[in-house]
Amino acid sequence: MKEITSTAVNPTIKKLLSYVTLEEKVNEEYKKYTCLPSRKLYSIEVNGETVSCMGVEFLNSKEVSIKHIAVLPRERGKGIGSSMISFFCETYDIHSIFAETDKEAVNFYSKFGFQITSLGEKYPGVKRFLCEFKVK
């Protein structure tokens, strides 16, 4: 897994982010990762091709929020998303990882071991969930 620090927008990363955020917010989110010290963006390559990305925000020295995690559709179900979270847990001395997500991604986080709490209908017709993983 490698950290992305270039301010030049990588088209593959932009495409991955478009799976997990509104199209009109992709450039804004990418810029946050390259400009804000509390945000970091990582990617995984398979055979020289970027197949996934994970963006995080350090809430403090021991807590991290996953802001975005995306894997190319043809690479899903192969453990890439889980390996990104595992790598992060092993690399950083953190206690908790949080993620807010929709119904579609709850199973992914639940399988990894995150505790799931319903946040109810945060937007009209859209249920959201808080996922929390205790690292230590």
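This chain uses plain numbering: 1 for the first residue, then up along the sequence.
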**Prompt:** Is there a donor-acceptor pair closer than 3.5 Å between any side-chain N or O of S118 and the backbone N or O of G120?
**Reply:** yes
**Request:** Could you walk me through whether I13 and S43 pass the side chain to side chain contact (heavy atoms under 4.5 Å, CB included) test, one step at a time?
**Result:** CA-CA 8 Å; I13 297 295; S43 67; 3.9 Å; yes
**Asked** Does S82 reach the main-chain N or O of G79 with its side chain, forming a donor-acceptor pair under 3.5 Å?
**Response** no
**Message:** If the threshold is 4.0 Å, N to carboxylate O, is there a salt bridge linking K32 and E29?
**Reply:** yes
**Request:** Compare all side-chain heavy atoms of V64 with those of L59 and state whether any distance is below 4.5 angstrom.
**Result:** no
**Request:** Determine whether F129 and T117 make a side-chain contact, defined as any pair of heavy atoms from C-beta on separated by less than 4.5 Å.
**Result:** no
**Prompt:** Hey, do the aromatic rings of Y19 and H68 have their centres closer than 6.0 Å?
**Reply:** no
**Message:** Between S83 (side chain only) and I80 (backbone N and O only), is there a donor and an acceptor less than 3.5 Å apart?
**Reply:** yes
**Request:** Kindly indicate whether the side chain of R128, heavy atoms from C-beta on, has any atom under 4.5 Å from the side chain of D102.
**Result:** yes
**Message:** Does the Lys NZ or Arg CZ of R39 fall within the cation-pi geometry relative to Y30 - under 6.0 Å from the ring centre and within 45° of the axis?
**Reply:** no
**Prompt:** Which value, rounded to the nearest 0.5 Å, describes the distance between L16 atom CG and I44 atom CD1?
**Reply:** 11.0 Å
**Asked** Hey, are the side chains of T101 and C131 touching, using non-hydrogen atoms and a 4.5 Å cut-off?
**Response** yes
**Complete:** In terms of heavy-atom contacts, G81 and V71 come closest through N-CG2, 4.1 Å
**Asked** For H95 and E63, what are the C-alpha separation, side-chain angles and deciding distance, and is it a side chain to side chain contact (heavy atoms under 4.5 Å, CB included)?
**Response** CA-CA 6 Å; H95 292 206; E63 297 180 319; 5.7 Å; no
**Request:** Evaluate the salt bridge (charged side-chain N to carboxylate O under 4.0 Å, His left out) criterion for residues E45 and K2: first the C-alpha distance (whole Å), next the side-chain angles of each, then the deciding distance (0.1 Å), finally the verdict.
**Result:** CA-CA 9 Å; E45 290 183 2; K2 69 176 185 178; 3.2 Å; yes
**Asked** Do the non-hydrogen side-chain atoms of I85 and I69 ever get within less than 4.5 Å of each other?
**Response** yes
**Item:** Backbone of V106 reached by a side-chain donor or acceptor of S110 within 3.5 Å
**Value:** no
**Request:** Provide the closest heavy-atom pair for S18 versus E23 in the form atom of the first, atom of the second, distance.
**Result:** CB-OE1, 3.6 Å
**Asked** More than 12 non-hydrogen atoms from neighbouring residues, nucleotides or ligands closer than 6.0 Å to NZ on K62, yes or no?
**Response** yes
**Message:** I'd like to know if E75 pairs up with K78 as an ion pair, taking the criterion as any Lys NZ or Arg NE/NH1/NH2 lying under 4.0 Å from an Asp or Glu carboxylate oxygen.
**Reply:** yes
**Message:** Is the ring pair F114/F133 parallel, tilted or perpendicular, if the boundaries are 30 and 60 degrees?
**Reply:** tilted
**Request:** Answer yes if F108 and F87 sit in the same cluster of Ile, Leu, Val, Met, Phe, Trp and Tyr residues linked by side chain heavy atoms under 4.5 Å apart, and no otherwise.
**Result:** yes
**Message:** What's the separation between atom CD in E49 and atom OG1 in T12, rounded to the nearest 0.5 Å?
**Reply:** 7.0 Å
**Request:** Just jot down the ring-ring contact (aromatic ring centres under 6.0 Å, His included) partners of F88, sequence neighbours excluded, or say none.
**Result:** Y42, F58, Y92
**Request:** Indicate, with yes or no, if L130 and F112 share a hydrophobic cluster defined by side-chain heavy-atom contacts under 4.5 Å among Ile, Leu, Val, Met, Phe, Trp and Tyr.
**Result:** no
**Item:** Expected output: side-chain T21 to main-chain L17 donor-acceptor under 3.5 Å
**Value:** no
**Prompt:** Same cluster for I94 and L36 if Ile/Leu/Val/Met/Phe/Trp/Tyr side chains link at under 4.5 Å?
**Reply:** no
**Asked** About how many Å separate CG of N60 and OG of S38, when rounded to the nearest 0.5 Å?
**Response** 11.0 Å
**Request:** Sort and list the pairs that fulfil salt bridge (charged side-chain N to carboxylate O under 4.0 Å, His left out) and have at least one residue in residues 108-127, not counting sequence neighbours.
**Result:** E100-K122
**Prompt:** Do you know which two heavy atoms are closest between G55 and Y33, and how far apart they sit?
**Reply:** CA-OH, 3.3 Å
**Request:** Specify the closest pair of heavy atoms between T34 and S6, including all atoms of both residues, with the distance to one decimal.
**Result:** CG2-O, 3.2 Å
**Salt-bridge contact K14-E28 (side-chain N to carboxylate O under 4.0 Å)** = no
**Asked** Is there a side-chain contact between I97 and E132 (heavy atoms, below 4.5 Å)?
**Response** no
**Prompt:** Roughly how far apart are I4 CD1 and K40 NZ, rounded to 0.5 Å?
**Reply:** 12.5 Å
